Amino acid sequence: MNSFRRPAAAMCALGLGGLVAAGPAFADDINLGDSAPTAITGLAWDEGAGEVILTDDKGSITAWSTSGDDERDVTFSGSVESVQALSMFDGMLYIGDIGDEAAARDFVTVFRVGPQEGTTNYRAWDFSYPEGPQDAKALAVSGKGRVYVVTGGDDPGIYRAGLNPSRTDVNELVRSADAPQGVTDAVFLDDGSTLMLRTATGVDLVDAFTWEVTASTTYVDAPADESITTFGERRMLVGGASPLRDEPLPDGRTTATPVPTTSPSPSQSADATDSPETTATATAEPGSSQTPTVSRRGTILALVAAGVVAVLAGVAVFVVRR
């Protein structure tokens, strides 16, 4: 029930006169220079080091300091096929070698390295899907250290790993929920249980207990193939190439017009179809054994509620003036 009320309260706070909030204010872009990858497939923010970490699909990882023009390479000796995502958790960098457009890989791999400069030691875990090979562009690590992978294709889903996956055997992922179409990146917010998704149409904040969309920003003419990460207090970095956009996190239901930083590429696709609107039962841990759908019912109820309140307010003013 709380997941329905929060969006409604946010909408009422924005004012009774409109059903959709105004577009968010953008800060300056983050320009990474000419040596940045022309197609960024993964993005992470290292709060402690003050660095933006990014990768291309070959696993060429670079850390950029936001305090200056410093850049450095992060390398490891693991063999990769298609790196599509990065995630920071507990001071460690998770690297998602999860791309599989041909649906031909028996398993995909997640690496964990220290983000320090130079060649670093790593740990790796292999994962498979219960339905067989799938292509994925998004990886996120929850507040408990659980790995989540978001797949694409005709039946996109959010999958979770066990809390202590094996490093010697292939670990089968468990489907937690149906995903929106066209997810190209994901990251957990600082609360550890709100999952932020870069979808085909914009950015969704999802309660990973209920799989309800609690807030969203819809982009006008949404750019394709973008990565996303948190970026300090209530902000995010978004983009597929330099410069990256510094934007506020979704708050309520907003619409924004970003300036595209990259054009669509054959390696990633975006489908603008919204997900079915069904809900799931809350559980004690993000990701249940059921397979609910990430639902926008919370934000839709908020819009309806705001509309009703606006009508009632208008009636009250009319009566008082009489």
Side-chain angles (χ1 to χ4, degrees), residues 32-33 35-37 39-100 105-129 133 135-150 159-174 185-190 192 227-231 237 244 267:
L32 302 176
S35 60
I40 296 171
T41 59
L43 192 61
W45 167 241
D46 186 343
E47 182 79 32
E51 292 178 326
V52 178
I53 306 176
L54 51 90
T55 186
D56 60 15
D57 63 352
K58 304 300 182 185
S60 299
I61 302 172
T62 307
W64 299 74
S65 172
T66 56
S67 61
D69 296 327
D70 295 337
E71 62 176 279
R72 59 184 181 82
D73 294 331
V74 178
T75 59
F76 65 105
S77 58
S79 177
V80 302
E81 294 190 36
S82 180
V83 175
Q84 295 294 321
L86 297 177
S87 185
M88 284 291 299
F89 174 73
D90 199 22
M92 303 297 287
L93 180 67
Y94 288 72
I95 303 165
D97 180 16
I98 54 178
D100 187 13
R105 299 177 65 175
D106 293 331
F107 58 86
V108 296
T109 304
V110 175
F111 297 89
R112 188 183 72 186
V113 303
Q116 63 266 24
E117 184 175 6
T119 302
T120 181
N121 295 327
Y122 70 89
R123 291 190 175 186
W125 298 270
D126 297 328
F127 298 102
S128 64
Y129 301 96
D135 188 35
K137 307 289 189 235
L139 168 81
V141 182
S142 75
K144 290 188 175 181
R146 188 190 299 274
V147 170
Y148 285 78
V149 179
V150 185
Y159 292 81
R160 73 181 190 276
L163 279 175
N164 296 293
S166 171
R167 292 171 54 199
T168 57
D169 299 323
V170 176
N171 303 274
E172 185 172 274
L173 296 168
V174 176
D185 208 357
V187 62
F188 275 94
L189 302 190
D190 290 342
S227 296
I228 195 168
T229 188
T230 54
F231 188 55
L237 286 182
L244 300 173
S267 65

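All values reported here derive from a predicted model rather than from experimental measurement. Atoms considered below: every heavy atom in the structure, side chains included; atoms not considered: hydrogens, waters and symmetry mates.
Looking at D97, its side chain does come within 3.5 Å of a backbone N or O of S82 through a donor-acceptor pair. No donor-acceptor pair closer than 3.5 Å links the side chain of D56 to the backbone N or O of A39. Side-chain atoms of D100 do not come within 3.5 Å of backbone N or O of D135 as any donor-acceptor pair. The closest donor-acceptor contact from the side chain of T230 to the backbone of L189 lies at 3.5 Å or more, if one exists at all. With hydrogens and angles disregarded, a donor-acceptor distance shorter than 3.5 Å links the side chain of T229 to the backbone of W45. At least one donor-acceptor pair under 3.5 Å links the side chain of N171 to the backbone N or O of D126. In this structure, the side chain of R72 does not engage the main chain of S65 through any donor-acceptor pair within 3.5 Å.
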- [ ] Start with the C-alpha gap between I61 and V113, add the side-chain angles, then the distance that decides, and say whether side-chain contact (heavy atoms from CB on, under 4.5 Å) holds.
- [x] CA-CA 11 Å; I61 302 172; V113 303; 5.7 Å; no

Open item on the list: If you apply the rule side-chain contact (heavy atoms from CB on, under 4.5 Å), what do you find for L237 with I228, and how did you get there?
Closed with: CA-CA 6 Å; L237 286 182; I228 195 168; over 6 Å; no

TODO: For K58 and V80, run side-chain contact (heavy atoms from CB on, under 4.5 Å): C-alpha distance rounded to whole Å, both residues' side-chain angles, the deciding distance at 0.1 Å, then the answer.
DONE: CA-CA 7 Å; K58 304 300 182 185; V80 302; 5.9 Å; no

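Pairs passing the salt bridge (charged side-chain N to carboxylate O under 4.0 Å, His left out) check and including a residue from residues 161-172, sequence neighbours excluded, do not occur.
Taking each heavy atom of P115 and D46 in turn, the nearest pair found is CG-OD2, 3.8 Å. For A161 against F127, the heavy-atom pair with the smallest separation is CB-CE2, 3.5 Å. Of all heavy-atom pairs between I53 and M88, the closest is CD1-SD, 4.2 Å. Closest approach of Y148 to S142, counting heavy atoms only: CE1-CB, 3.9 Å. The two residues R146 and L163 have their closest heavy-atom pair at NH2-CG, 3.5 Å. Between S227 and G42, the closest heavy-atom pair is OG-N, 3.5 Å.
Under the 30°/60° scheme for interplanar angles, the aromatic rings of Y122 and F111 are found to stand perpendicular.
The distance from the CZ atom of F231 to the CG atom of L244 is 9.0 Å, given to the nearest 0.5 Å.
Of the listed residues (T66, T62, L54), just one forms a side chain to side chain contact (heavy atoms under 4.5 Å, CB included) with L32, and that residue is L54. L139 pairs in a side chain to side chain contact (heavy atoms under 4.5 Å, CB included) with only one of the listed residues (D185, V149, V187), which is V149.
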